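Only heavy atoms go into these numbers, but all of them, side chains included; no hydrogens, no water, no symmetry mates. In this text the structure is predicted, and so the values were computed from the model without any measurement. Residue numbers run from 1 in the order of the sequence given.
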Amino acid sequence: DDYRSGRLKAGALRQLGPDLVFGRLWQALEIRETLLGLLRERRFEFPVERVVYLTVLHRLFESGSDRAAARWKRDVRIPGTEEVQLHHQYRAMRWLGAVKDQVEESLFAQRRDLFTELSLVFFDTTSLYFEGQGGESLGQYGHSKDHRPDLKQMVMGAVLTGDGRPVCSEVWPGNHADGGALLPVVDRLRQRFGLTRVCWVADRGMISKETIKGLEERGLEYILGARMRRQREVREAVLGRAGRYQEVAENLRVKEVRVGEHRYIVCHNPAEEAKDAADRAAILASLDDQLREGAKQLVGNRGYRRYLRVEKEAVSIDLQKAADEARYDGKFVLRTNTALPASEVAIQYKRLLLVEQFFRATKSLVETRPIFHHWDATIRGHVFCSFLALVLMDELQRRLAAKGWKLEWENIRQDLEALDEMEVRAGDQRYLLRTDLQGVSGKVLQGVGVAIPPPARLIQDVVPKK
C-alpha cells in the first residue's frame with residue numbers, strides 16, 4: 001500500500017557483506033581487543049581501532065590509498081566509522097606503525113596453541129616501490145624485484161609457519177641486501193616469540209657463509225637455496241657429481257651430494273629443463289638474426305649478454321657459454337643440515353611458494369601502493385594493514401576448508417560486495433531491506449558463523465509516538 005501510494009522513500013544503500021564476515025573474524029582473532037588494549041593509555045579523540053579496521057577492510061575489497069578508503073567507506077556499512085576523517089586515518093597509521101611489533105606478539109600469544117607443533121618457518125623478502133618520497137629513511141634506491149629501479153622502494157620480509165599462517169612482517173630501507181636479512185630476523189623471532197627450535201627455509205638470496213655459520217652457531221636447522229653459478233663448490237663439486245635421481249613427485253627428482261660435511265640436495269624438473277632449453281634456443285636464434293644486421297647494442301641486454309663474446313670491435317655468439325649453461329637446465333640446489341630425507345627437503349623448499357603467494361597478494365590482491373606518507377611509522381602502519389588483511393583472509397580460507405569448501409577469493413569478494421542493505425522510510429517508520437544472497441556469500445557467512453540478517457527489519461520510529 002505504501003509503495004502504491006508513493007509514500008516509500010529510499011535512503012542510503014550500503015554494502016553489508018564485507019563487515020558481516022570480516023567484522024566477525026576481526027573479533028574472533030582478538031585483533032580488536034588487542035588494539036583497544038594498546039590504546040587504553042592513549043587519549044585520542046577519534047576511534048583509532050575503528051580506523052585501522054576500516055583501512056584493513058578497504059585493503060581486502062578495494063585497495064588503494066587512505067584517501068581512497070575515506071571515500072569508499074561512504075558506501076559500506078562499517079559500524080563506528082561514521083565520523084572518521086582522512087586526517088584520522090593518517091594519525092592512526094602512524095600509531096599502528098609504532099606498535100606493530102606489540103600487535104604481532106599479542107596475536108601470536110593468543111594463538112600460541114596453533115604454533116605448538118611449529119617445526120618449519122618460511123622466510124622471504126620482496127620490494128615495494130613508492131610513488132612518493134618514501135618517508136624519512138625507508139625509501140631508498142635498491143635492487144627492485146618489481147623492475148622499477150627508477151623509483152625509491154623499501155624491502156619487506158615475511159615469516160610464515162609450515163602450514164602457511166602469517167607470523168610477522170619486517171620492513172627495511174630499500175637498499176637493504178637479502179644476504180644480511182635472515183640472521184637478524186632469526187634473532188628477533190627467538191627474542192619476540194621464543195621460537196628456538198625451528199628449521200628455517202629460505203631461498204638462495206639469503207645464503208652466505210656468514211648466514212650458514214650464524215645458523216649453525218645458534219643450533220638451528222636450515223634448508224637454503226644455493227647459488228648454482230656463483231658458488232664454486234656447488235658449480236663444480238655438486239653439479240659435477242654423478243648419481244641417480246630419485247623420483248619424488250611429478251616433475252621433481254632429487255639426489256643427495258655430500259661435499260665434506262656439507263649436505264646438498266640437487267633437484268631436477270624435467271619439464272623446466274625442456275623449457276629452459278627451448279628459451280635458450282629462441283634467444284640464440286634471435287641473437288644470430290640480429291647480429292647479422294650488426295646489432296652490437298645487444299651487449300647491453302642482460303638476457304643476451306651471457307651468450308656473447310666481445311673481442312675488440314667484434315661481437316659474436318659464444319657457443320661454449322651456451323653449452324655450459326645447459327648443465328643448469330631445470331635444476332636447483334639446496335643446502336641443509338637437517339636429517340630429513342632428500343625428498344622431504346625438496347618438498348619443503350618448494351613450499352616457499354607460500355611466501356611468494358603471500359607477497360603476490362600483498363602487491364596485487366590487497367594492493368599496498370601507492371604509499372605517499374612522509375613518516376616511516378606511517379608507512380609501516382600502512383603496510384602492516386596489508387599484513388592484517390592477509391591474516392583475516394588466511395583465517396577465512398581455513399574456516400571454509402574445514403567445511404570442505406575451496407572458494408576463489410574473487411568470487412568471495414564480488415558476492416559479499418553484492419550483499420547490500422537499503423534504508424527505506426514508510427510513513428513514520430524506518431526499515432532496512434536486505435538484498436538476496438548471491439553466489440557463494442551464503443557459504444561464506446555460514447563458514448564464519450554469521451547469521452543471515454532478515455530481509456527486512458524495523459530500525460526505529462522517525463517521529464516519536466506520543
Side-chain angles (χ1 to χ4, degrees), residues 124-127 129 142-151 177-179 202-208 224-255 257 259 264-335 346 349-350 352-353 356 359-360 363:
D124 204 353
T125 64
T126 192
S127 57
Y129 64 79
H143 173 65
S144 174
K145 298 182 181 181
D146 297 306
H147 308 292
R148 292 301 306 267
D150 56 313
L151 295 176
D178 277 358
D203 77 358
R204 64 181 183 272
M206 306 294 162
I207 197 168
S208 68
L224 301 176
R227 298 175 185 270
M228 295 190 296
R229 294 170 178 83
R230 295 186 186 180
Q231 291 178 270
R232 183 176 178 179
E233 182 172 276
V234 176
R235 186 175 66 248
E236 297 179 1
V238 176
L239 291 178
R241 185 80 59 86
R244 179 174 295 180
Y245 283 101
Q246 170 195 351
E247 296 284 345
V248 173
E250 184 178 1
N251 284 319
L252 181 60
R253 310 190 304 161
V254 301
K255 68 178 179 181
V257 175
V259 181
Y264 293 95
I265 310 298
V266 181
C267 306
H268 177 237
N269 182 328
E272 282 297 312
E273 179 183 23
K275 180 181 181 300
D276 290 344
D279 290 345
R280 185 172 55 258
I283 290 173
L284 292 174
S286 176
L287 262 177
D288 188 54
D289 291 341
Q290 294 186 59
L291 285 174
R292 290 176 189 276
E293 300 175 4
K296 295 182 180 180
Q297 68 272 16
L298 294 174
V299 176
N301 184 299
R302 186 177 180 182
Y304 290 150
R305 190 169 57 232
R306 71 170 66 177
Y307 302 120
L308 293 176
R309 179 192 295 117
V310 181
E311 296 176 332
K312 295 182 180 179
E313 296 299 317
V315 180
S316 61
I317 295 176
D318 191 326
L319 296 178
Q320 186 57 51
K321 284 184 179 179
D324 290 343
E325 193 65 20
R327 66 198 299 258
Y328 302 112
D329 288 353
K331 294 187 178 77
F332 61 95
V333 178
L334 308 177
R335 169 87 178 266
Y349 183 80
K350 293 277 283 184
L352 263 179
L353 180 62
E356 294 176 15
F359 287 141
R360 197 175 302 123
K363 290 184 174 185

(request) Name all residues meeting the salt bridge (Lys or Arg N to Asp or Glu O under 4.0 Å) criterion together with Arg327; count only those two or more places apart in sequence or in a different chain, and write none if there are none. (result) none

(message) Suppose we screen for salt bridge (Lys or Arg N to Asp or Glu O under 4.0 Å). Which residues come up paired with Asp279, at least two apart in sequence or across chains?
(response)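 Salt bridge (Lys or Arg N to Asp or Glu O under 4.0 Å) check on Asp279 returns Lys275.
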
(request) Using the test side-chain hydrogen bond (donor to acceptor under 3.5 Å, both in side chains), find all partners of Asp324 that sit at least two apart in sequence or belong to another chain. (result) Gln320

(message) Among residues at least two apart in sequence or on other chains, which ones pass side-chain hydrogen bond (donor to acceptor under 3.5 Å, both in side chains) with Arg235?
(response) none

Enter the distance from [X]:[atom1] to [Y]:[atom2] here, rounded to the nearest 0.5 Å.
X	Y	atom1	atom2	result
Asp203	Tyr349	CG	OH	5.0 Å
Glu233	Tyr264	CD	OH	3.5 Å
Arg335	Ile265	CZ	CD1	11.5 Å

Partner set under side chain to side chain contact (heavy atoms under 4.5 Å, CB included) for [X], not counting sequence neighbours:
X	answer
Leu319	Ile317
Ala226	Ile207, Gln231, Val234, Val333
Asp329	Glu273, Asp276, Ala277, Arg280, Ala326
Ala271	Asn251, Asn269

(request) Determine the minimum heavy-atom distance between Leu334 and Ala346, stating which atoms define it. (result)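 Of all heavy-atom pairs spanning Leu334 and Ala346, the closest is CD1-CA, 3.9 Å.
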
(message) Testing the basics here: between Cys267 and Val254, what is the closest heavy-atom pair and its distance to 0.1 Å?
(response)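 Here Cys267 and Val254 meet closest at SG-CG1, 4.1 Å.
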
Name every donor-acceptor pair, under 3.5 Å, that has one atom in a side chain of residues 238-248 and the other anywhere in the protein, sequence neighbours excluded.
from, atom 1, to, atom 2, distance (Å)
Arg241, NH1, Arg258, O, 3.4
Arg241, NH2, Arg258, O, 3.2

